[in-house]
Protein chains: 2
Amino acid sequence: MTTIRDVAKHAQVSVATVSRVLNQKGYVSKQAEEAVLAAIKELDFRPNAVARTLYNKSSRMIGLILPDITNPFFPELARAVEDIALTYGYTVVLCNADEDIKKERNYLEALKQKYVDGIILTTNQLSFAEVDKVGVPMVALDRIIGDQIPTVVSANKEGAEMATTHLIESGCKFIAHLRGPKGLATADDRLHGFRKVVEKAGVASIVGEADFYFEKSEQVTRDLLEQHPSIDGIFASSDVTAAGAMKAVNRMGKRVPEDIQIIGYDGIPFGEMLVPSLTTIAQPIYEMGATAARLLIKLIEKKPIEGSYFELSTNLIVRETTKRKEEIE
Amino acid sequence: MTTIRDVAKHAQVSVATVSRVLNQKGYVSKQAEEAVLAAIKELDFRPNAVARTLYNKSSRMIGLILPDITNPFFPELARAVEDIALTYGYTVVLCNADEDIKKERNYLEALKQKYVDGIILTTNQLSFAEVDKVGVPMVALDRIIGDQIPTVVSANKEGAEMATTHLIESGCKFIAHLRGPKGLATADDRLHGFRKVVEKAGVASIVGEADFYFEKSEQVTRDLLEQHPSIDGIFASSDVTAAGAMKAVNRMGKRVPEDIQIIGYDGIPFGEMLVPSLTTIAQPIYEMGATAARLLIKLIEKKPIEGSYFELSTNLIVRETTKRKEEIE
DNA sequence: TTGAAAGCGCTAACAG
DNA sequence: CTGTTAGCGCTTTCAA
């Protein structure tokens, strides 16, 4: 391994000078600079990131802790975060907490130990206190940890209202909502949006708990449908959940959208892969990730931030699992 | 931040002693040890990972470079790698190269700079020479970089043979294969397996290039079907590709499996989410990831390895996109 | 058993 | 403009 000393020797200058040209800081004569640059090239020298980190207490890395890398929503989010981070010269370290609070804790600790400059959390099992004491700039993404932590989410309640309204406009008379995990603010908000609309419209409704898992969703949908055969619309709280519902509907010999209309939530590419393709509320996934990344970087660089709570709006994508109103008239 | 010095002072011993108890190395009196342990607890001291890494030139991290985090096959693989690595006390750093050779190169360099102890590569755009000169223990997973690099793959050719045989036994007379990217050994092997079986059976066949992308697969399938309306079986080289084919078939007003039978390759949960659910060749994804991780760790720890090429066998999972032979008789 | 001190590779005072 | 030197926090000789 070639070090800054080797370069200094080779270029016949001191290590300080080499460091100066490396960091473009302080005065260096044209001549010295050239000698150093030449030596660097000749020796194929690359400054040791660990040594730098140790001294600077900064690694130009940001950690991204995901709850479940297996749910395609999160990889999408990760892509956006990575894109922006790279733009600003930060590397992102992906951590998969696997819905396990212990792993979450470990990663938080490990990242801090590695002197990451900041962390984006898409998990919220940890309490604010626990997260806060890590003492590294953080932003919460798609999950809410506390109002002390800058947060980026989508407009879950409005999205849910849109979804529910769409089902009603499409003629549904009895709508089931497959809600996400209890206590998860995003899931609760979607439920509230749903409730608000069905109540206002006086449409029959029921709620099942599907968390965000396919299998659970399939099972819950089946149970719901058995008990309430007149259900004709399902608002699933994620696209994966919607897929579970579709499967259940299909297994029970009913058709989508003829017998039962289904709308998902997320807007991941996955929805288009289904047959029939999934009508859904698209979150601005890329924008969410990008916003969180930019926000975190501002925090890191101690630049002013304009607000600490960003709620990005969603939009309805009508595909094949719901019928437009006109078609049923 | 509390350092080893603080602990030493607190415990009234030297930093060397603290280091000894931290690493359980060298002689330490019972008394000293207890004092140190107490001080550590009291001060909530955690050794600085970066400083350790700098000295040891080892970080107990392994890098995992994925080509496309958005294809659900890779997150599955990542989970397995993580599981095993954690077991052995290694942390894994996920890197998403995004099918971009530049990012791949950057990550390779960055990981080396961070003193990762080893790297698992699931990409192969880089040449052996380029990969080799990084000088960090490596294993290739699901991709082949060269016979100098220990490799873990599944039995692609056999898997493809099974898939094709299954379609023939299910009554297909004209089978299309949606192949993966040219030059990718796994994709080439699947093609060869396909060819071998159709030729031997004298079944009509055709090959389309779908890479591993949904959209491309949908388009290619559509083209193939327009030109050859008598195609009645499709062997897709990945589950995502199969989904694209299903979509195309559906769009063209044909039914799966009645008109066209489809079999995928991978065995990711995604296949079960489709309607009808996807018959597929399941790779032992978890085993693959686990094997690669164990192999790499042996390499890192300079333990003997039993072989440098591991080909794990696949197996057929019959679901709804193909019909059993009996049913068609 | 223990501690002093050198050094992992780099940065930044500070003095020249 | 440039070099010397003292660390960043930890590990490991080496001598006591």
Side-chain angles (χ1 to χ4, degrees), chain A residues 1-40 43-61 109-117 135-136, chain B residues 1-40 43-61 109-117 135-136:
Chain A
M1 157 157 289
T2 114
T3 78
I4 202 175
R5 298 197 99 75
D6 304 324
V7 176
K9 207 163 290 173
H10 201 91
Q12 316 232 47
V13 297
S14 73
V15 295
T17 301
V18 177
S19 178
R20 285 190 190 104
V21 348
L22 245 30
N23 300 292
Q24 318 212 41
K25 259 180 199 166
Y27 296 101
V28 177
S29 67
K30 200 89 193 135
Q31 205 183 5
E33 181 174 0
E34 275 163 20
V36 169
L37 258 18
I40 288 177
L43 302 174
D44 190 27
F45 164 79
R46 254 107 20 135
N48 182 303
V50 177
R52 277 187 153 169
T53 298
L54 179 59
Y55 186 92
N56 294 326
K57 297 189 184 316
S58 152
S59 60
R60 288 203 82 79
M61 296 193 301
E109 185 60 32
L111 289 174
K112 185 210 175 108
Q113 294 285 313
K114 301 284 194 242
Y115 285 126
V116 296
D117 294 349
V136 167
Chain B
M1 157 160 287
T2 114
T3 77
I4 201 175
R5 298 197 97 75
D6 304 324
V7 176
K9 205 163 289 173
H10 201 92
Q12 316 233 45
V13 296
S14 74
V15 295
T17 302
V18 177
S19 178
R20 286 189 189 102
V21 350
L22 244 31
N23 300 292
Q24 317 212 43
K25 259 181 200 166
Y27 295 102
V28 176
S29 67
K30 198 93 196 130
Q31 205 182 6
E33 182 175 359
E34 275 164 20
V36 170
L37 259 18
I40 287 177
L43 301 176
D44 189 27
F45 164 78
R46 255 110 15 138
N48 181 303
V50 176
R52 278 188 151 168
T53 298
L54 179 59
Y55 186 92
N56 295 326
K57 297 189 185 314
S58 151
S59 59
R60 288 203 82 79
M61 296 194 299
E109 184 60 32
L111 289 173
K112 184 212 176 106
Q113 293 285 312
K114 300 285 193 235
Y115 285 126
V116 295
D117 293 350
V136 168

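Treat the numbers as computed from the prediction; the structure is a model and nothing was measured. Letters A, B, ... mirror the listed sequences (proteins, then strands); counts begin at 1.
In this structure, the CG atom of B:N23 is 6 Å from the P atom of D:dT12, given to the nearest Å. When the P atom of C:dG7 is taken as reference, atom OH of A:Y55 falls 20 Å away, rounded to whole Å. Rounded to an integer number of Å, the gap from A:E34 CD to D:dT2 C1' is 17 Å. One atom, NZ of B:K9, and another, P of D:dC10, lie 13 Å apart when rounded to the nearest Å. Protein atom CG of A:L22 is 15 Å distant from nucleotide atom P of C:dG9, rounded to whole Å. Here D:dG9 presents its P atom at 15 Å from CG of B:L43, a figure rounded to the nearest Å. Per the geometry, CD belonging to A:Q24 stands 12 Å off P belonging to C:dT11, to the nearest Å. Taking atom CG of B:D6 as the reference point, atom P of D:dC8 lies 11 Å away to the nearest angstrom.
Residue order along DNA chain C, read from the 5' end via each residue's closest nucleotide, puts B:A16 first among A:R46 and B:A16. Each of A:R5 and A:Q31 was matched to the nucleotide of DNA chain D holding its nearest heavy atom; the match closer to the 5' end belongs to A:Q31. Comparing B:Y27 and B:N56 by the nucleotide of DNA chain C that holds the closest heavy atom to each, the one mapping nearer the 5' end is B:Y27.
The side chain of B:K30 contributes no N or O atom lying less than 4.0 Å from OP1 or OP2 of C:dT1. Contact check, B:S29 against C:dT2: a side-chain N or O comes under 4.0 Å of OP1 or OP2. Within the 4.0 Å cut-off from OP1 or OP2 of D:dG3, at least one side-chain nitrogen or oxygen of A:T17 is found. Distances shorter than 4.0 Å separate none of the side-chain N or O atoms of B:T3 from OP1 or OP2 on D:dG9. Note on A:K25: a side-chain N or O is less than 4.0 Å away from OP1 or OP2 of C:dA12. The side chain of A:R20 contributes no N or O atom lying less than 4.0 Å from OP1 or OP2 of D:dC1.
Applying side-chain contact (heavy atoms from CB on, under 4.5 Å) to B:V28 and the options B:V36, B:V21, B:V18, B:V13 leaves one that passes, B:V21.
Within 4.0 Å of B:V28, counting heavy atoms only, lie sugar-phosphate atoms of the nucleic acid but no base atom. Contact annotation for A:V13: backbone-only contact, meaning every heavy-atom pair under 4.0 Å involves sugar-phosphate atoms and none involves a base.
Summarising the local packing, CD of B:Q12 is surrounded by 12 or fewer heavy atoms from other residues, nucleotides or ligands at distances under 6.0 Å.
Within the 3.5 Å criterion, the main-chain N or O of A:Y115 finds a donor-acceptor partner in the side chain of A:S59.
Scanning all heavy atoms of the two residues, the minimum distance from B:Q113 to A:A49 falls at OE1-N, 3.4 Å.
The nucleotide whose nearest atom lies closest to any side-chain atom of A:K57 is, among D:dT11, C:dT2, D:dC8, D:dC8.
Under the 4.5 Å side-chain criterion, counting only non-hydrogen atoms from C-beta, A:K57 is not in contact with B:N48.
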